[in-house]
Amino acid sequence: IFVTGCFCASHHCVLCDFCHHHHQYTRTTTLCQKQLNSTSLDRNSLEGIPYEEFDCVYSPMKRRGPQTAKLERGITVQPTPPHAVTSPNGMPSSTMMSPEEIQVQQQMNLMQQQMMNGNGGSEHSQQYAADKRHNEFDGPAARQRARRDPAAAEPQAPGGVPRTIAKHQHLLETTDAEGARLHAYYTLSIDELFRLPPTPTDEEFCLHQNKTNPALQLTAETMPHSYRAALNAARFAEIALGALVHGESSLGMELCNAVVHCLRDSVETIGGPDQEGPVPTSGVIPDLMFTVAKTYFLLGIFRAYRGDSIRYYKYRRITMQYVSKMGDSTDTASLLSSISYQDAWAYMIHNGDERLLPNVDDTVPPVPSASNKPFANNTEAKYTIKTDARSIAGNPQNRNWIQGAPPVYLNNEAPLNARSLDALACAVRTCCDQANKSFADIAKQAGSDFAGDSIPLDTINTPTTSAVMAHENELCSRNVVLSAYTLMQQHDNSAQNTTKSHDGQHLVISAMDAFLENSDDNQSGGLSESQISGLLSVCNTAIENPFLLFHAGPTYHMVTNAVVLLCHLLNGLHAMKVTPAFGAAESKLFDEVFDTFSAIRKLLAIHREKLPSKLRCHLIPRPNFASSPEEPFIDLGETLLCTCRGCQGFVLMACSPCVAAERARDARNRLAEEEALERQQQHQQQLDSVDIGELDQELDMMGAEFNVDDDELLNMISSVITN
């Protein structure tokens with residue numbers, strides 16, 4: 001974007017660094033594209049044009065912007081001579097003044113501005129001052145300074161409020177349309193499955209607490225600052241995820257930083273999970289404790305979407321620390337089932353191998369075990385597992401992910417939808433363990449060439465597998481999915497259910513049911529009619545509700561694998577075209593499946609590009625319309641495989657052991673290449689900040705700046721827990 005201002009003799013505009021670097025010039029008649037539509041402005045002057053309207057992250061040549069790649073690599077570049085540029089107040093520019101003259105000029109400018117403000121001032125001068133403050137503390141140049149020196153960043157707005165909170169506080173108001181829009185994205189995606197209790201308003205919170213403890217007499221105006229900070233943190237976390245779902249990454253990161261600042265305020269007075277609360281109650285208010293735990297969980301999901309596994313596991317550990325101090329309730333059970341489903345995703349991504357996980361014990365200590373507590377009922381004694389919240393959080397085998405028998409599912413006091421979700425998480429873990437065993441057998445059959453691809457035994461004989469083998473009739477994947485379906489039917493028909501739509505959870509149930517169905521009926525493509533119906537239902541639901549792909553947990557992978565099975569079906573029908581068995585019904589089925597495949601493949605490809613490379617599932621190839629019946633209509637051999645073995649099995653289901661082992665090895669190598677390419681691109685962006693996209697550069701700088709705040713919060717929590 002060209003920044004126009006003072007023009008030289010050749011009638012060219014003053015170029016920004018980007019234009020000068022790429023030898024791009026413009027006449028005075030071609031202003032910034034944003035200003036072309038405005039006919040009321042003088043095109044030969046900056047008068048009346050707000051600075052931020054240009055949206056240019058590079059400074060004009062009179063004040064050099066970020067260093068170019070040549071400077072970064074040590075190549076000397078002669079600076080351009082300063083131009084005689086006039087400042088917005090009409091005084092000579094400081095580029096041609098001595099230091100003493102600059103100081104005098106600044107004092108004169110300040111006095112003149114104060115006089116203008118006292119007399120009402122001009123709108124241009126006030127706008128210039130506001131734009132200058134914005135560029136100094138909130139613009140890209142400020143983010144570059146913060147990246148080089150975090151201490152140089154302006155952390156707070158006037159009044160001591162952190163900048164990101166002051167900037168976005170209006171989004172938390174109930175009458176703000178933009179905040180309502182972001183919260184709707186969160187509700188339609190992540191919370192569509194989890195159905196966590198909504199964050200109350202200040203008035204609702206005070207009213208509920210006064211009913212519970214009349215001695216409090218809380219009001220929205222007199223509520224302690226720490227209470228309000230905890231509630232605002234949860235609200236910011238919800239709309240931050242909504243912004244991320246909608247593709248507004250920059251806004252999402254700023255809102256995430258606001259969450260961190262609010263949590264720091266709440267920790268300072270409320271305390272961490274091992275501290276007692278402030279006045280006027282004895283102990284921490286349970287509702288507030290749950291709100292803070294939910295906020296840390298949502299903050300961890302945000303970090304997981306950004307590919308930051310280290311901070312994700314730290315925030316998950318803090319969430320479990322808070323859960324260990326909470327009593328049993330329907331809200332706690334809903335939160336634990338959500339954590340279990342998210343853990344199933346992490347379990348699947350890492351193929352159940354805890355050695356691949358970051359060690360966060362030094363930062364956030366593990367939750368203390370509550371093993372001395374006796375079993376509360378016959379169900380706990382039968383499955384040798386405790387279903388109360390403190391025991392679940394303190395169970396050593398749940399340190400990195402919940403595993404073993406599903407504790408929320410076995411708790412008859414938990415909400416029906418929460419029990420169903422925990423059952424589905426258990427089924428996912430069981431399928432991952434079975435996939436590890438299958439690939440271990442494949443590696444053995446493939447011979448010595450794949451001896452290095454051996455799978456650790458502890459990823460096959462896991463606590464989940466042991467629990468399933470001990471109670472196969474109750475906990476095998478097929479029966480657990482059927483139980484989850486029955487629980488959801490009861491929930492949908494219950495009087496307590498005011499929302500009849502649970503598309504996300506029914507999508508997961510339909511996908512798992514189609515994956516696990518064993519049929520002796522060999523239909524086209526080797527799938528039964530009920531399987532085909534279930535797979536089409538999964539894909540059509542995702543097409544109608546694309547935000548469901550942003551479910552936290554393995555939902556996106558399930559939809560992708562459902563599409564892979566449809567590819568096998570299309571290949572089978574394509575091969576039947578030359579046989580008499582291919583009639584009108586088969587032709588109609590082929591057309592319907594192909595239409596569904598085309599739509600869902602496009603959605604998955606778009607969603608895949610938004611994710612970090614290590615979180616991506618298969619990239620499904622396009623169909624080959626010129627293929628003969630002897631050739632596959634969709635060559636799955638060209639699929640870019642997911643690194644999860646459970647997902648790879650859907651693509652390699654018709655391959656020989658040697659081919660399957662080789663393809664699995666190629667998938668691991670390709671992932672390593674993609675991660676190396678991402679690191680190389682990030683390094684190149686740091687070296688050549690002029691040639692990269694403005695959005696990518698800004699996100700990179702924002703991430704570096706906001707990570708400092710996250711680490712300060714984590715260190716604060718770690719100190720509270722340790723001491």
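These values consider heavy atoms only, across backbone and side chains, with no hydrogens, waters or symmetry-generated copies.
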Original post:
Hey, does L410 have a side-chain heavy atom less than 4.5 Å from the side chain of K382?
Top reply: no
Original post:
Do the charged groups of K294 and D331 touch, with an N to O distance under 4.0 Å?
Top reply: no
**OP:** Rounded to the nearest 0.5 Å, what's the gap from OG on S337 to CG on D343? Could you check?
**Re:** 11.0 Å
Original post:
Do any N or O atoms from the side chain of E638 and from the backbone of P621 form a donor-acceptor pair under 3.5 angstrom?
Top reply: no
Original post:
Once you round to the nearest 0.5 Å, how far does OG of S613 lie from CG of L640?
Top reply: 12.0 Å
Subject >> Shortest non-hydrogen contact between H168 and F236, atoms and distance >> reply: O-CE2, 3.6 Å
Original post:
Do the non-hydrogen side-chain atoms of L255 and L171 ever get within less than 4.5 Å of each other?
Top reply: yes
**OP:** Taking D328 for its side chain and A389 for its backbone only, find out whether a donor-acceptor pair lies under 3.5 Å.
**Re:** yes
Subject >> For D458, side chain to side chain donor-acceptor pair (under 3.5 Å) partners two or more places apart >> reply: R355
Subject >> Residues that A514 engages under side chain to side chain contact (heavy atoms under 4.5 Å, CB included), provided they are two or more places apart >> reply: L535
Subject >> Pairwise distance SG(C647) to CE(M558) - rounded to 0.5 angstrom >> reply: 9.0 Å
**OP:** Output, in order, the C-alpha distance, side-chain angles, deciding distance and verdict of side chain to side chain contact (heavy atoms under 4.5 Å, CB included) for F650 and T560.
**Re:** CA-CA 10 Å; F650 289 90; T560 303; over 6 Å; no
**OP:** Give a yes or no answer on whether the side chain of N493 reaches the backbone of Q489 with a donor-acceptor pair at less than 3.5 Å.
**Re:** yes
Original post:
How far does CD of E254 sit from CD of E248, to the nearest 0.5 angstrom?
Top reply: 11.0 Å
**OP:** State, to 0.1 Å, how close G553 and Q342 come at their nearest heavy-atom pair, and which atoms those are.
**Re:** N-OE1, 3.1 Å
Original post:
For the side chain to side chain contact (heavy atoms under 4.5 Å, CB included) test, which of Y322, F194, F290 pairs with L335?
Top reply: F290
**OP:** Tell me, yes or no, whether the heavy-atom count around F633 atom CZ, taken from other residues, nucleotides or ligands under 6.0 Å, exceeds 12.
**Re:** yes
Original post:
With distance as the sole criterion, is a donor-acceptor pair present between the side chains of S340 and D422 under 3.5 Å?
Top reply: yes
Original post:
More than 12 non-hydrogen atoms from neighbouring residues, nucleotides or ligands closer than 6.0 Å to CZ on R181, yes or no?
Top reply: yes
Subject >> Trace of the side-chain hydrogen bond (donor to acceptor under 3.5 Å, both in side chains) decision for N400 with H350 >> reply: CA-CA 11 Å; N400 295 313; H350 296 92; over 6 Å; no
Original post:
Hey, what do you get for CZ (R616) to CD1 (I349), rounding to the nearest 0.5 Å?
Top reply: 12.5 Å
Subject >> Flag, side chain of D513 to backbone of V481, donor-acceptor distance under 3.5 Å >> reply: no
Original post:
Quick one: are T319 and L299 in side-chain contact, heavy atoms under 4.5 Å?
Top reply: no
Original post:
Are the side chain of E586 and the backbone N or O of G583 linked by a donor-acceptor pair below 3.5 Å?
Top reply: yes
Original post:
Would a distance-only check, ignoring hydrogens and angles, find a side-chain to backbone donor-acceptor pair under 3.5 Å from T459 to P456?
Top reply: yes
**OP:** Give a yes or no on whether I310 atom CD1 has more than 12 heavy-atom contacts from other residues, nucleotides or ligands under 6.0 Å away.
**Re:** no
**OP:** Start with the C-alpha distance between H618 and L636, add both sets of side-chain angles, then the distance that settles side chain to side chain contact (heavy atoms under 4.5 Å, CB included), and finish with yes or no.
**Re:** CA-CA 10 Å; H618 315 300; L636 292 176; over 6 Å; no
Subject >> Over 12 non-hydrogen atoms of neighbours within 6.0 angstrom of CD in E178 >> reply: yes
Original post:
With side chains defined as the heavy atoms from C-beta onward, is the minimum distance between L182 and H246 less than 4.5 Å?
Top reply: no
**OP:** Measure across P632 and N571 and return the closest heavy-atom pair with its distance rounded to 0.1 Å.
**Re:** C-OD1, 3.8 Å
Original post:
So, for L193 and T555, which heavy atoms are closest and what is the spacing to 0.1 Å?
Top reply: CD2-OG1, 4.3 Å
Original post:
Would you say K437 has more than 12 foreign heavy atoms packed within less than 6.0 Å of its NZ?
Top reply: no
Original post:
Do the two ring centres, one from F625 and one from F594, sit under 6.0 Å apart?
Top reply: yes
**OP:** Please report the shortest heavy-atom distance between F582 and M576, naming the atom on each side.
**Re:** CB-O, 3.0 Å
Subject >> Selection residues 425-434 - residue pairs positive for side-chain hydrogen bond (donor to acceptor under 3.5 Å, both in side chains), sequence neighbours left out >> reply: Y347-D433, R429-T464, D433-T462, D433-T465
**OP:** Could you point out which residue of I543, T541, L548, I600 forms a side chain to side chain contact (heavy atoms under 4.5 Å, CB included) with V559?
**Re:** I600
Subject >> Test of ring centre spacing under 6.0 Å for Y409 and Y383 >> reply: no
Original post:
Heavy-atom distance under 4.5 Å between the side chains of S309 and K614, does that happen here?
Top reply: yes
Original post:
Is there side-chain contact between P407 and N395, with heavy atoms separated by less than 4.5 Å?
Top reply: no
Original post:
Between L244 and R306, what is the shortest heavy-atom contact and its length?
Top reply: CD1-CD, 4.4 Å
Subject >> L507 backbone acceptor or donor facing S510 side chain under 3.5 Å >> reply: no
**OP:** Give a yes or no on whether the backbone of L641 and the side-chain of Q648 come within a donor-acceptor separation of less than 3.5 Å.
**Re:** no
**OP:** Decide yes or no on side chain to side chain contact (heavy atoms under 4.5 Å, CB included) for L589 and I532, but give the supporting numbers first.
**Re:** CA-CA 10 Å; L589 177 62; I532 295 174; 4.3 Å; yes
Original post:
When you check the side-chain N and O atoms of R419 and N412, is any donor under 3.5 Å from an acceptor?
Top reply: yes
Subject >> Greater than 12 external heavy atoms within 6.0 Å of K577's NZ >> reply: yes
**OP:** Please assess Q505 against L421 for the test side chain to side chain contact (heavy atoms under 4.5 Å, CB included), listing each intermediate value before the final yes or no.
**Re:** CA-CA 7 Å; Q505 201 148 337; L421 189 60; 3.9 Å; yes
**OP:** For the pair T291 (side chain) and D287 (backbone), establish whether a donor and an acceptor sit closer than 3.5 Å, ignoring hydrogens and angles.
**Re:** yes
**OP:** Could you tell me whether the side chain of W345 reaches within less than 4.5 Å of the side chain of L615, counting heavy atoms only?
**Re:** yes
Original post:
Would you say the side-chain atoms of R601 pair up with the backbone N or O of I620, donor to acceptor, closer than 3.5 Å?
Top reply: yes
Original post:
Do M488 and D492 touch side chain to side chain, with heavy atoms closer than 4.5 Å?
Top reply: yes
**OP:** Please round to the nearest 0.5 Å and tell me the distance separating atom CG of N545 and atom CG of L188.
**Re:** 8.0 Å
